[in-house]
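Heads up: the structure comes next, in C-alpha cells.
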Amino acid sequence: VLLEMEFKGMYVDEQLLNEMSSDFGKKIDSLTKGIYNESGFEFNVNSTQQLAKILFDVKGLPEIKKRSTAEDVLEQLKGKHILPEMVLEFRKLNKLKNTYIDALPELINQSSGRIHSTFNQAMTATGRLSSSNPNFQNIPIKTQEGREIRKAFRSSDPNWLIFSADYSQIELRIMAHLSQDEALVDAFNKGVDIHATTAASVFNVSIDEVEPSMRRTAKIVNFGLLYGAGPFRMSQELGIPQKEAKSLIEAYFATYAGIKNYVDSMMDFAKENRFVTTLLGRKRPVWDIDSSNHLHREAAKRMAINMPIQGTSAEMIKLAMTSIYESIIEKKMESNMLLQIHDELVFESPKDELNELKDIVLDKMINAMSLSVPIEVDSGHGQSWYEAH
DNA sequence: ACCACATGCAA
DNA sequence: TATTGCATGTGGT
Ligand SMILES: [Mg+2]
C-alpha cells in the first residue's frame with residue numbers, strides 16, 4: 001500500500017507556489033531591511049548567535065532561557081522592544097518559504113509531474129509511519145499564511161477531487177480503551193463533547209456553565225496527559241502558576257481515576273519486563289525505566305506512557321489503510337490513496353466516485369479495530385487539501 | 001562530506 | 001521539566 005502511495009505521488013501546483021514565493025520574498029526582504037535598521041547592524045538574521053548578540057548585548061534585553069532566541073522567548077520580549085516581533089514575523093515567513101514553498105517544486109518528478117515522498121514503515125519507536133523527501137506529514141496548517149500552501153496540494157484533473165478523512169480524538173479514545181476508565185469510557189459512549197465534559201468535572205461546574213476558556217484548559221490538559229506532562233510543562237502551556245497546574249492535574253486524576261491507574265500499572269509492567277506493548281503486541285524496550293539517573297528514568301516513564309497509545313493508534317490506521325486499498329481494487333475503482341498523516345488519510349477521486357469512496361473509507365476507518373468506545377471520523381472534500389481538511 | 005545544535009513544522 | 005517525527009540553516013571539523 002505504501003509503495004502504491006509513493007509510486008502514484010501527489011500533484012502539487014507549481015505555479016501557485018511560485019506566485020507565493022515572490023510574494024513571500026518581497027515581505028521577507030522588507031522585514032530584513034527593517035531589522036537591520038532597528039538593530040543598527042547588518043547581520044545574518046538566521047544566525048541565532050548573531051541575533052543573541054543584538055538582542056541581549058546591544059539592546060540589553062533580558063536573557064530568559066540562557067541566550068536562546070526561540071519563539072517562546074521572543075514572545076515574552078515582545079513588549080520591551082520592536083525587534084523580537086519583527087524577527088518572529090521574519091522567521092515565520094522564512095520557514096514557510098524555505099521549507100515548503102521553494103523546496104516542493106524542486107522535488108517534482110520530470111516523468112510523472114508529481115512529488116513522490118517516501119513513507120518509512122520501519123523507522124519509529126512507536127510503530128507510526130514517517131515520511132521523508134519531502135516530509136508530507138508536516139505540511140503547515142496552524143497559521144493562515146502556512147495553510148495557503150495546502151491549496152497547492154490539489155487534483156491535476158478538474159474532474160477529480162481531493163478527499164480527506166481523519167480520526168476524531170483517536171489517542172484519547174485509545175487511552176479510554178486501554179485504561180478502561182469508567183468516566184472517560186462513559187463520556188465517549190454518550191457522545192458528549194469530551195473537553196467540555198472534562199472541564200465541567202475538573203472545575204466542578206455543570207456542563208452549561210463551562211466557559212470557552214475552561215474548555216480550552218481541559219483540552220490542553222487532556223492532551224498533556226497523553227504524554228505524561230507534569231506541572232512545569234502544563235503551567236507553561238496554560239500560562240498559569242505551577243501550583244495551579246499541579247492542582248489541575250490532581251483534579252484531572254480525581255475525575256479520571258482509571259487513567260492514574262493505567263499509568264501506574266504501565267509503570268509496573270515496564271519495570272518488570274523492561275518493555276511496553278501496544279494493543280496488537282508491538283513492543284518498545286524501555287531500558288531506562290530503572291536508570292539511576294532521575295532525568296533518564298522520568299523520560300523513560302513518559303515514553304512508556306505514550307507508546308502504547310500512539311502505537312495502537314498507528315496500528316488502527318494501518319489496518320484501515322490495507323482494508324481500504326483492497327476494497328478499492330476489488331470494486332475496480334480509480335481513486336488513489338495519496339497521503340497518511342498519522343490520523344488522517346488523503347485521497348484523490350473522480351467526482352462521480354466520491355460518494356462510494358467516502359462510504360468505504362469511513363466504514364473501514366471506523367471499524368478497523370473494535371474498542372470499548374465508539375470511533376468517529378470526520379471527512380471533507382474539495383479542489384485541494386485546503387478545502388478538504 | 002559530515003556533524004551538533006537551534007529552530008520550527010506536523011500529528 | 002509533554003510524545004513521535006523531518007527539514008533547514010549556522011557554525012564547526
Ligand atoms: Mg483529527
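Just so you know, these numbers use all the heavy atoms, side chains as well, and skip hydrogens, waters and symmetry mates.
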Quick one: label A/G230 by what it contacts on the DNA or RNA (base, sugar-phosphate, nothing), any heavy atom closer than 4.0 Å. sugar-phosphate
Please pick, from B/dG8, C/dG5, C/dT8, the nucleotide with the shortest atom-to-atom distance to any side-chain atom of A/A103. C/dT8
For C/dG11, take OP1 and OP2 only and decide whether either is under 4.0 Å from a side-chain N or O of A/Q50. yes
Please state how far atom NZ in A/K53 lies from atom C1' in C/dG11, giving the value in whole angstrom units. 11 Å
Quick check on B/dG8: is either OP1 or OP2 less than 4.0 Å from any side-chain nitrogen or oxygen of A/R91? yes
Does a side-chain N or O of A/T124 approach OP1 or OP2 of C/dT4 to a distance below 4.0 Å, or not? no
Presence of donor-acceptor pair under 3.5 Å, side chain of A/N138 and base of B/dC9: yes
Select base, sugar-phosphate, or nothing to describe what A/M234 touches, counting heavy atoms under 4.0 Å on all strands. nothing
Does the Lys NZ or Arg CZ of A/K283 fall within the cation-pi geometry relative to A/F275 - under 6.0 Å from the ring centre and within 45° of the axis? yes
Closest listed nucleotide, where the reference is the side chain of A/D343 and the choices are C/dA2, B/dC9, B/dA11: B/dA11
Figure out the CG/C1' separation between A/L238 and C/dA2, and round it to whole Å. 12 Å
Distance below 4.0 Å between A/N98 side-chain N/O and C/dG9 OP1 or OP2: yes
Using atom NZ of A/K142 as one end and atom C1' of B/dT7 as the other, report the distance to the nearest whole Å. 14 Å
Check: A/Q340 and A/Q137 side chains under 4.5 Å, non-hydrogen atoms: yes
Can you see if the side chain of A/R284 gets near the phosphate of C/dT4 - specifically, an N or O under 4.0 Å from OP1 or OP2? yes
Pick the nucleotide of DNA chain C nearest each of A/Q137 and A/N44; which residue has the one closer to the 5' end? A/Q137
Taking OP1 and OP2 of C/dG5, is either one under 4.0 Å from a side-chain nitrogen or oxygen of A/T126? no
A/T198 and A/Y256: side-chain donor and acceptor closer than 3.5 Å? yes
Would you kindly check whether a donor in the side chain of A/E171 faces an acceptor in the base of B/dA11, or vice versa, at under 3.5 angstrom? no
Length of the line joining A/E344:CD and B/dC9:P, which is rounded to integer Å: 18 Å
Nearest listed nucleotide, side chain of A/E71, among C/dT4, C/dT8, B/dC9: B/dC9
If the cut-off is 4.0 Å, is A/S68 near the phosphate of B/dT7, judged by side-chain N/O to OP1 or OP2? yes
Nucleotide nearest A/R128 when distance is taken to its side chain, options C/dT4, B/dA10, C/dA7: C/dT4
Give A/S313 one of three labels, base, sugar-phosphate or nothing, depending on what nucleic acid heavy atoms sit under 4.0 Å from its own. nothing
Kindly determine whether A/T69 and A/R91 satisfy side chain to side chain donor-acceptor pair (under 3.5 Å), including the steps that lead there. CA-CA 11 Å; A/T69 66; A/R91 286 217 182 127; 2.8 Å; yes
Measuring from the side chain of A/R302 (C-beta onward, heavy atoms only), which nucleotide among C/dA2, C/dT8, C/dA7 has the closest atom? C/dA2
Sugar-phosphate, base or nothing in reach of A/Q49, heavy atoms under 4.0 Å: sugar-phosphate
Please report, rounded to the nearest Å, how far the P atom of C/dT3 is from the NE2 atom of A/H296. 13 Å
Let's see if you can work this out: which of B/dA11, B/dG8, C/dA2 has an atom nearest to the side-chain heavy atoms of A/A229? C/dA2
Closest approach to the side chain of A/K95, judged atom by atom: which nucleotide of C/dC6, C/dG9, C/dA7 is it? C/dA7
A/L226 near the nucleic acid: base, sugar-phosphate alone, or nothing, with a heavy-atom cut-off under 4.0 Å? nothing
Within the modelled atom types, does a donor on one side and an acceptor on the other bring the side chain of A/Q310 and the base of C/dT4 under 3.5 Å apart? no
Nearest whole Å is fine: how far is B/dT7 C1' from A/K92 NZ? 16 Å
Among the nucleotides C/dC6, B/dC9, B/dT7, whichever has the atom closest to the side chain of A/N135 is C/dC6
Pick one: which of A/K271, A/R297, A/R274 meets salt bridge (Lys or Arg N to Asp or Glu O under 4.0 Å) with A/D290? A/R274
Using 30° and 60° as the class limits, which term best fits the ring planes of A/F153 and A/F136: parallel, tilted or perpendicular? perpendicular
Check the distance between C/dA7's C1' and A/N94's CG and give it to me in whole angstrom. 13 Å
Here the distance between atom C1' of B/dA6 and atom CG of A/L51, to the nearest Å, is 12 Å
Neighbour count >12 (heavy atoms, 6.0 Å) for atom OH, A/Y36: yes
Please work out if A/A125 contacts a base, only the sugar-phosphate, or nothing of the nucleic acid, heavy-atom cut-off 4.0 Å. sugar-phosphate
If you draw a 6.0 Å radius around NZ in A/K318, do more than 12 non-hydrogen atoms from other residues or ligands fall strictly inside? yes
Is A/T69 near enough to B/dT7 that one of its side-chain N or O atoms lies under 4.0 angstrom from OP1 or OP2? yes
Side chain of A/Y100 - closest among C/dG11, C/dG9, B/dC9: B/dC9
